[in-house]
Amino acid sequence: MLTESLISSGSMLLSTFCIPNGYAPSTGTGLPFNTSPCFRKNLRNFVCACVAPPPPNNIGSDGFAATKFIVKFLLLPSYDSYKAEKLSTIGDLEDGSDVLIECKNVYKSFGEKHILRGVSFKHGDKFSLMQIRHGEAVGIIGPSGTGKSTILKIIAGLLAPDRGEVYIRGKKRDGLISDEGISGLRIGLVFQSAALFDSLTVRENVGFLLYENSSMSEEQIAELVTETLAQVGLKGVEDRLPSELSGGMKKRVALARSIIFDTTNETIEPEVLLYDEPTAGLDPIASTVVEDLIRSVHMKGEDALGKPEKIASYVVVTHQHSTIRRAVDRLLFLHEGKVVWQGMTDEFMTSASPIVQQFASGSLDGPIKY
Ligand SMILES: Nc1ncnc2c1ncn2[C@@H]1O[C@H](COP(=O)(O)OP(=O)(O)OP(=O)(O)O)[C@@H](O)[C@H]1O
């Protein structure tokens, strides 16, 4: 319970726990900075892959195997006693192996607040499952407080559902994320807040995982960091501290950290990235940069340097119309704890659904009440 409340209380808190060994936080919440071997081992097991700083680990070096999974996440000290996830194979899925993640009738309450009340949706006319398939770019939209971030955290394995099931490539997940014995798919969550290490430079923040885990030289990492920063439209900021950046710049630095990969490692692992409001608070042009970046790192395409990218699928929680238009293909509309509409992005503006029409127009009249 402690773990869950810590996780759900915000990514800044997460980042405070996830201080790399040897680095002292310049600001913090007074929470302990634990460098014990046990803590290090836990960090090794759970890597928060994206905006929240990733702890040291060399995950997935044993080669890509499509039937195996690695899910990277942060492990807090209190996870010591937490039983690692067990995966049990379920019966055959109704259709092919391209389904990476599924949620079925997921419920989640916080105290008396019933947030998710059976999240599910029909895919085609066959399933009542929330599915993310290989190659998909999915958006989750809906009114504030309706549980969008919560479902992302559940998909990511940072929160356990009260009821319902999460399947990772057909394997039911019981509990939270562990990478042991489940390699082949990495799920990363890009938090709403930038969650950068205050005491590290931009270069150290962006290259953090590589400094800790890769065999790349410092020069190679520095070069890759510069290239990756250029991808998000940032130049000459490598030596700055986060406190010297604007909010939008911090967000882009965080995004750069989520997409940097070890270029010397030939292993290709599919990744699913979950972005929680990646363009919130950005000006329209910076939003476009980020939206295009999210598209460009998708496996279907190439990055700014013409290299194939590793992101198999991604999910974006957003309120921004531009992000809906530019960054995703399919939309799920979450309202009062359920998926009440799903469709392709181009159907969003033309949908006859009153709830979608109200949301798209921003009207005060309609089924959504504040
Ligand atoms: N750890 C928690 N403890 C208590 N309540 C929580 C916790 N996490 C989320 N909530 C509550 O659950 C509800 C849904 O939160 P969530 O962040 O998932 O909504 P959201 O749809 O992403 O909202 P927004 O669009 O405003 O970001 C909110 O009322 C929030 O206060």
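As the structure lists them, so they are numbered: ligands from 1, and atoms in each ligand from 1. Residue numbers count from 1 along this sequence. Every heavy atom of this structure was used, including side-chain atoms; hydrogens, water molecules and symmetry mates were not.
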Fill in: Nearest-0.5 Å distance that lies between atom OG1 in Thr318 and atom CZ in Arg326
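Those atoms lie 13.0 Å apart.
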Discussion item. Any non-hydrogen side-chain atom of Phe359 less than 4.5 Å from a side-chain atom of Pro143?
Written reply: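 Yes. Closest side-chain heavy atoms under 4.5 Å.
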Discussion item. Does only the side chain of Thr150 get under 4.0 Å from ligand 1, or the backbone, or both, or neither? Count heavy atoms.
Written reply: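 The part of Thr150 near ligand 1 is both the backbone and the side chain.
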Worksheet item: Which of the numbered atoms in ligand 1 are below 4.0 angstrom from a heavy atom of Lys148?
Response: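 With Lys148 as reference, the close atoms of ligand 1 come out as 18 (O), 19 (O), 20 (P), 21 (O), 22 (O), 23 (O), 24 (P), 25 (O).
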Practice prompt. Please could you name the atoms of ligand 1 that Ile115 approaches to less than 4.0 Å, counting only its heavy atoms?
Written response: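 What qualifies from ligand 1 is 12 (O), 13 (C), 14 (C).
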Worksheet item: Touching ligand 1 at all, Glu277? Heavy atoms, strictly under 4.0 Å?
Response: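 Judged by the 4.0 Å heavy-atom criterion, Glu277 does count as contacting ligand 1.
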Discussion item. Ring-plane angle category for Tyr275 and Tyr314, please: parallel below 30°, perpendicular beyond 60°, tilted otherwise.
Written reply: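 Tyr275 and Tyr314: perpendicular rings.
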Discussion item. Regarding Glu136 and Arg330, does a basic nitrogen lie under 4.0 Å from an acidic carboxylate oxygen?
Written reply: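 Salt bridge between Glu136 and Arg330, a charged N being under 4.0 Å from a carboxylate O: yes.
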Fill in: Nitrogen or oxygen of Phe110 less than 3.5 angstrom from that of ligand 1
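For ligand 1, there is no N or O atom that lies under 3.5 Å from one belonging to Phe110.
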Worksheet item: Any N or O on Gly147 sitting closer than 3.5 Å to an N or O of ligand 1?
Response: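 Yes; the residue has a nitrogen or oxygen that sits under 3.5 Å from a nitrogen or oxygen of the ligand.
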Worksheet item: Of all heavy-atom pairs between Ile151 and Ile140, which one has the smallest distance, and what is that distance?
Response: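 Taking every non-hydrogen atom into account, CG2-CD1, 4.0 Å.
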